[in-house]
Amino acid sequence: MNYQVDENGFYGEFGGAFIPELLHHNCEELSAAFAQYYDTEEFQAEFQSLLRDYVGRPSPLYYAPKLSKKYNTTILLKREDLNHTGAHKVNNTIGQALLAKRMGKTKILAETGAGQHGVATATICALLGLECVVFMGEIDIARQAPNVERMKMLGATVVAATSGSKTLKDATNEAIRYWINHPDTYYLIGSVVGPHPYPALVAKFQSVISEEVKKQLMEKYGKENPDYVIACVGGGSNAAGAFYHFLDDEDVQLIAVEAAGLGVDSGETAATMQKGSEGIIHGSRTMLMQDDDGQIVEPYSISAGLDYPGVGPLHAHLFKTGRGTFLNATDEEALKAAFMLTKEEGIIPALESAHAIAALEKINFKPQDIVVLNVSGRGDKDMETYMKFSEKFS
Ligand SMILES: *Cc1c(COP(=O)(O)O)cnc(C)c1O
């Protein structure tokens, strides 16, 4: 079984580039640039030095003693929450911005839901002196004021998407429309979604996570492979990065955790694998939540980063082939896990990451297992939500 992307951008039957004719040139130009620059010494030197000195990599692989005792196994936390800007997203925005620079692009276009990807993009644009335009649903702009302020302070222009439900999917539609009309801009996608080559490219930039895990495990435990890797999945980029170098090592169990929202069968969920079916979303053939007419069903999760109706094509392939195990955690389970981690280890995780932590309850580990759990981000942005539930869970 092959889990890497093929030359046409497919993972098994998933992926590809189902896009308007007008955008084919842009995607081909990007594929060509990635092939030309990524493996060069010059590109790698700049990328690696920014990951080290700007982001603060390698992120620690922290042995969590109390968590390990609680679940009677060895639990190691990959601390993406310690990255500059507070999550894994910056690994990808740096990689793509460096590519954009080499392609001669001076303007970066992005869309954002909760604003996390927008902030990571605006950050790197400030650093590299690139113009930055971020599309964001009008409702999300109102809901996520602090991130809007951050983007503006970083010099980005935030454009309100006022069509449809005025949230992420409308921001995406308007960003794509803008891209069609301004093909000189670089469209910076924030997860392993969208048309080829984006899913493959984002996975590659995030693969630094599992590359470091391998080295860190070797140093600490004298072997490169853990028994489990656990990560939450929205679009799937932190999971893709955490899984990447273990995809072909079938002795490593890959556990992806989706957001069940109020419950898989509640109608208020983002558990794409459980409730979804095959179809096309944002230029890619994958699993998505849709009704009988192929209309996208609005997802729901307490965590904005997991509130996406689809999933990247790599994950659809891992699901279909059985290589990946897809679990889910409800809002309530995630909140409980966040308070538990905070109390036990003194780490306040992002609500998204808390879904991965909640999965620890759902797996029967052996005492000799080594479990790597990717803490995709920190919880500062979620304090308002946590405060609402502090009496219930602390
Ligand atoms: C955006 C985000 C996610 C979800 O995105 P993926 O592409 O699935 O990784 C998860 N965790 C955090 C902290 C995020 O900001």
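What you are looking at is a predicted structure, and each value in this text was computed from that prediction instead of being measured. As the structure lists them, so they are numbered: ligands from 1, and atoms in each ligand from 1.
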For atom 4 (C) of ligand 1, closest protein heavy-atom neighbour | G305 O, 3.3 Å
Does the pair R378 and E80 meet the rule for a salt bridge (Lys or Arg N to Asp or Glu O under 4.0 Å), with working shown?
-> CA-CA 8 Å; R378 68 176 84 125; E80 294 299 297; over 6 Å; no
Any side-chain donor paired with an acceptor under 3.5 Å for H182 and Y187?
-> no
Can you list the ligand 1 atoms lying under 4.0 Å from a non-hydrogen atom of G234?
-> 8 (O)
In terms of side-chain geometry, is the basic nitrogen of D265 or K275 positioned less than 4.0 Å from the acidic oxygen of its partner?
-> yes
Do K101 and E46 sit within salt-bridge range, that is, some charged N less than 4.0 Å from a carboxylate O?
-> yes
Could E278 and R285 be called an ion pair, given the rule that one side-chain N must be under 4.0 Å from one carboxylate O?
-> yes
Considering distance alone, does some N or O of K89 sit under 3.5 Å from an N or O of ligand 1?
-> yes
Judging by distance only, is a nitrogen or oxygen of G236 under 3.5 angstrom from one on ligand 1?
-> yes
Is the shortest side-chain N to carboxylate O distance from K70 to E344 below 4.0 Å?
-> no
Hey, which atoms in ligand 1 end up nearer than 4.0 Å to a heavy atom of C232?
-> 10 (C)
State whether the shortest distance between N or O atoms of S237 and N or O atoms of ligand 1 falls below 3.5 angstrom.
-> yes
Do any nitrogen or oxygen atoms of A350 come within less than 3.5 Å of a nitrogen or oxygen of ligand 1?
-> no
Should G235 be counted as touching ligand 1, given the test is an N or O pair under 3.5 Å?
-> yes
Answer with yes or no whether H88 contacts ligand 1, where contact means a heavy atom under 4.0 Å from a ligand atom.
-> yes
Is there a nitrogen or oxygen of S353 sitting under 3.5 Å from a nitrogen or oxygen of ligand 1?
-> no
Would you call E174 and K169 a salt bridge, taking side-chain N to carboxylate O under 4.0 Å as the test?
-> no
How far is atom 11 (N) of ligand 1 from its nearest protein heavy atom, and which residue and atom name does that atom have?
-> S376 OG, 2.7 Å
